[in-house]
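No experiment lies behind these values; they were computed from the predicted model shown. Computed from heavy atoms alone, side chains included, the values below leave out hydrogens, waters and symmetry copies.
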Amino acid sequence: MDQVNETKRVGIVLIISAILVGLFVLWGALSPSSLDRAAGQGLSWMLDNFGWFYMLVTAFFVLFVIVLAISPLGSMRLGKPGEKPQYSWYSWIGMLFAAGIGVGFVFWGVAEPVLYYFDTPSGFTPETPEAAVAGLRYAVFHWALHPWAIFSIVGLTLAYVQFRKDRPALISSAFYPIIGERVHGWLGKSIDILAVIATCTGVATTFGLSALQITGGLSYISPVPNTVATQVIIIAIVTFLFMFSAAKGVDKGIKRLSNINLAVAAILLLFVIIVGPTLFIAESFVTTLGGYITNVASMSLTMTPFIESAWLGTNTIFFWAWHIAWAPFMGIFIARISRGRTIREFMAGVLVVPSILAIIWFTAFGGTALSLEIAGAAPIGELVMNNVELALFATLGELPLSTITSFIAVILILIFFITSADSASYVLGAMTSHGSLNPSLFSKMLWGVLIAGTAAVLLISGGGGLSALQTASIIAALPFAIIMTIMIISVLIMLGRDYKLEGRKRRKKNRKEIKEEIREEMYEEMKEEVMEEMKEEMYEEIKDEVIEEMKEEMLDGMKEEIKEDLKEELDIEQDNKK
């Protein structure tokens, strides 16, 4: 009966979320301008009224994961006690990077620092050295600790409930310690539906952005036209390629592509650092790292209540909401590949390593673009303002071997696109298949085609549809931010209980070991005492036996001597008589 209910529950989540996404896409296809207008109004309302909440809750997420990692709870394992990690460190980091956020690095790595050089944060003058420093710092700020803290909270919670508590891979599973069996009711369904919708809209937006950048790159280095038709063809090709990867599963498909992509990204990054303005990049890295560490707290908790400035809402708060909208997708996938790691290892891999990569990537690519812009060597700023998807290729075009590196960049984006599609189809398949860690190939294919179709329809209908979809996913982030806050309470309850239980087990084990040691010591002492007593007794016995034997030997000897003497005397007497 439970299995029947579970099947029904997952079916309802699938049906309702698919209908809602379908209606939304239909709206975007038929009237993209009205959808864009409505979504824009919703976004403005959300940013105006809840911007403070986004700033506060995101800063809290960062503080929470850092404190959790260094606390005694950091030794807890995302799995059964003693379980080993499922993937090597390199493969794990590669999948983290390629799962979806790598697309953001490639897309915004050049564009964001240059954009902030012209459209500066409050308190900076555009097109000044200070604006360039601030541009790099805020670009890193938007892609380093904060987004990965958001992803890690969902990933950590879901990994713990799946592999430690044997719950299904559903967002609602994280709330079992708080609401109990009600996760199977309307409340749990609502949470899962919201997560599916946020994932669909966020991933479809990424599909569209990736298609835009690939088409823009191809048009920059070849005669391929930068048109909607080309973008739709790119989406169709990627969908066809991702099906092969999905058929291989996580271990072979996503893992292999992620390893390849990490190597390709490293080659492109090293090329830019070596061939580009190396000294400028090195100095920018040190300056950006120092500025980020020094100002991360103030940037996290600074708003502009005394001046009219839309910059914070359209940039920092916008990115925080976007990252929260991505949290269900990234969290479920990160959980899937993190089995067997301790919380401390998990946080090091999910929080620290990508943050360091973000600083290196943005200072290398963004620093190179800023160097070209400031020196007047290339109009990077003009491209960012008009065709942001061309910024990376315009920067590479000013360096040696531009045709080759631009082609490599297209391949990099293409593989990121495929791994994102593969990861997204896996996550959505899991969310609508009983929370299974191995969803069926059919469910993965279904969601892959639906997402690709969504992106293609909105691209055909015009940019308003795609931007409206992105805006809608950000609006959906508001209730999910509240869900994540409750999720923290849930995971703390689970961790606290299990840590106490493990503590009792450790103390019991320690007591048992101490008892064994004492028992062994007592045994050895008693053994030594018994041996000493036995030695003494045996010595006395042997001594008595030796004395008796000596006495007998002496008596026998004396008897023999007496006999011999008597015999000799008798012989002498007989001789005398003769």
(request) Specify whether Phe318 and Trp322 have parallel, tilted or perpendicular ring planes, treating 30° as the upper limit for parallel and 60° as the lower limit for perpendicular. (result) tilted
(request) Let me know which of Trp326, Tyr116, Trp143 forms a ring-ring contact (aromatic ring centres under 6.0 Å, His included) with Phe319. (result) Trp143
(message) Are the side chains of Leu428 and Ile451 in contact, using a 4.5 Å heavy-atom criterion?
(response) yes
(request) For Ser490 and Ala174, indicate whether the former's side chain and the latter's backbone hold a donor-acceptor pair under 3.5 Å. (result) yes
(message) Is any side-chain heavy atom of Ser190 closer than 4.5 Å to one of Ile193?
(response) no
(request) Say whether, by atom type as modelled, one donor and one acceptor occur between the side chain of Ser338 and the main chain of Ala335 under 3.5 angstrom. (result) no
(request) Looking only at non-hydrogen atoms, find the nearest pair between Leu73 and Ile343 and report the distance. (result) O-CD1, 3.4 Å
(request) Taking the side chain as every heavy atom from C-beta outward, state whether Trp92 and Pro85 have any atom pair closer than 4.5 Å. (result) no
(message) Minimum heavy-atom separation for Ala195 and Ile171, please, with both atom names.
(response) CB-CG1, 3.5 Å
(message) Please check this pair: side chain of Ser91 against backbone of Ser88, looking for a donor-acceptor N/O pair closer than 3.5 Å.
(response) no
(request) Identify the heavy atoms of Met46 and Ala321 that sit nearest to each other, and give their distance. (result) CE-CB, 4.3 Å
(request) Would you indicate whether the side-chain heavy atoms of Met347 and Ser152 approach each other to under 4.5 Å? (result) yes
(request) Tell me whether the centres of the aromatic rings in His146 and Phe141 are closer together than 6.0 Å. (result) yes
(request) Please report the shortest heavy-atom distance between Val65 and Ala149, naming the atom on each side. (result) CG2-CB, 3.9 Å
(request) Would you check, one step at a time, whether the test side chain to side chain contact (heavy atoms under 4.5 Å, CB included) holds for Glu112 with Phe365? (result) CA-CA 10 Å; Glu112 207 173 336; Phe365 286 88; over 6 Å; no
(request) Answer whether the closest heavy-atom distance between the side chains of His142 and Asn315 falls below 4.5 Å. (result) yes
(request) Please determine which of Thr316, Leu301, Thr302 meets the side-chain contact (heavy atoms from CB on, under 4.5 Å) test together with Met55. (result) Thr316
(request) Would you check if Tyr54 and Leu478 make a side-chain contact, meaning some heavy-atom pair closer than 4.5 Å? (result) yes
(message) For Ser425 and Met445: C-alpha separation, side-chain torsions, deciding distance, then whether side chain to side chain contact (heavy atoms under 4.5 Å, CB included) applies.
(response) CA-CA 7 Å; Ser425 65; Met445 296 292 185; over 6 Å; no
(request) Run the salt-bridge test on Arg77 and Asp498 with the 4.0 Å N-O cut-off and return the result as yes or no. (result) no
(message) Tell me the closest heavy-atom pair linking Ala144 and Ser355, and the distance in Å.
(response) C-OG, 3.3 Å
(request) Classify the angle between the aromatic ring planes of Phe333 and Phe329 as parallel (below 30°), tilted (30 to 60°) or perpendicular (above 60°). (result) tilted
(message) By the definition ring-ring contact (aromatic ring centres under 6.0 Å, His included), identify the one residue from Phe362, Tyr292, Trp311 that meets it with Tyr138.
(response) Trp311
(message) Using the rule given for side chain to side chain contact (heavy atoms under 4.5 Å, CB included), can you reason through Phe105 versus Leu269, listing the C-alpha separation, both sets of side-chain angles and the distance that settles it, and then say yes or no?
(response) CA-CA 11 Å; Phe105 276 34; Leu269 178 63; over 6 Å; no
(request) Kindly give the heavy-atom pair with the smallest separation between Ala325 and Ala477, and that separation in Å. (result) N-CB, 3.7 Å
(request) Could you go through the side chain to side chain contact (heavy atoms under 4.5 Å, CB included) check for Leu23 and Trp27 one step at a time? (result) CA-CA 6 Å; Leu23 290 173; Trp27 184 8; over 6 Å; no
(message) Any non-hydrogen side-chain atom of Trp320 less than 4.5 Å from a side-chain atom of Phe53?
(response) no
(message) Contact between Leu351 and Val62 at the side-chain level, heavy atoms closer than 4.5 Å - yes or no?
(response) no
(request) Would you confirm whether Arg344, through its side chain, and Ala69, through its main-chain N or O, come within 3.5 Å as a donor-acceptor pair? (result) yes
(message) With a 3.5 Å distance limit and no angle check, can you tell me whether Lys80 reaches the backbone of Arg164 through a side-chain donor-acceptor pair?
(response) yes
